[in-house]
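Below is one structure, written out as structure tokens; comments come after it.
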Amino acid sequence: MQVNQSRVMNRCMIEPERCRTMVEVRQGVDETDRQLADLLGLRFRYMTAAARIKPDRGAVRDEARKTEVLRHAKTNALAADYPVELAEEIWERLVEASIAYEMDRFDLR
């Protein structure tokens, strides 16, 4: 199953299948990395919001929610056509980093 590239492709980006030079590939990778950084920044802003909203520090770590997020990551990896095992590794690290970040923000309240 292929990802809907129109959802993520910047209008100045060349589709990977159309790249003919390493310059084009590297430009696409750099733009993709910029978009990922923007999305990660947004994700961590949601963690700040969660720290503001949750009633107590014990609510920060939610194993049921973590399991759900990891399940979604695997499903999304399949839809985007990249290795599920890689998605599991990346999201495990991302979720744990998000929990630590949220706890730090909670403690600053």
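- Rounding to the nearest 0.5 Å gives a distance of 12.0 Å between CG of D104 and CD1 of I99.
- Residue pairs meeting the salt bridge (charged side-chain N to carboxylate O under 4.0 Å, His left out) criterion with at least one partner in residues 36-47, sequence neighbours excluded, are R34-D38.
- Atom CG of residue D33 and atom CZ of residue R26 lie 13.0 Å apart, to the nearest 0.5 angstrom.
- Between L70 atom CG and E89 atom CD the span is 12.0 Å, to the nearest 0.5 Å.
- The two residues P83 and A77 have their closest heavy-atom pair at O-CB, 4.3 Å.
- Taking each heavy atom of F106 and R57 in turn, the nearest pair found is CZ-N, 3.1 Å.
- Side-chain contact between R20 and I14 is absent, with no heavy atoms from C-beta onward closer than 4.5 Å.
- R109 places a side-chain N or O within donor-acceptor distance of the main-chain N or O of A51, the cut-off being under 3.5 Å.
- Here the straight-line distance linking atom CD of Q27 with atom CD of E24 works out to 7.0 Å at 0.5 Å rounding.
- A distance of 12.5 Å separates CZ of F44 from CG of L39, quoted to the nearest 0.5 Å.
- The list of salt bridge (charged side-chain N to carboxylate O under 4.0 Å, His left out) pairs with a residue in residues 65-75, not counting sequence neighbours, reads R65-E68, K66-E92, K66-E96, K74-E88.
- Side-chain contact check for R61 versus M103: some heavy-atom pair is nearer than 4.5 Å.
- Clustering ILVMFWY residues whenever any of their side-chain heavy atoms sit less than 4.5 angstrom apart, transitively, puts Y46 in the very cluster that holds I90.
- Among all heavy-atom pairs drawn from M13 and T32, the shortest one is CE-OG1, 3.4 Å.
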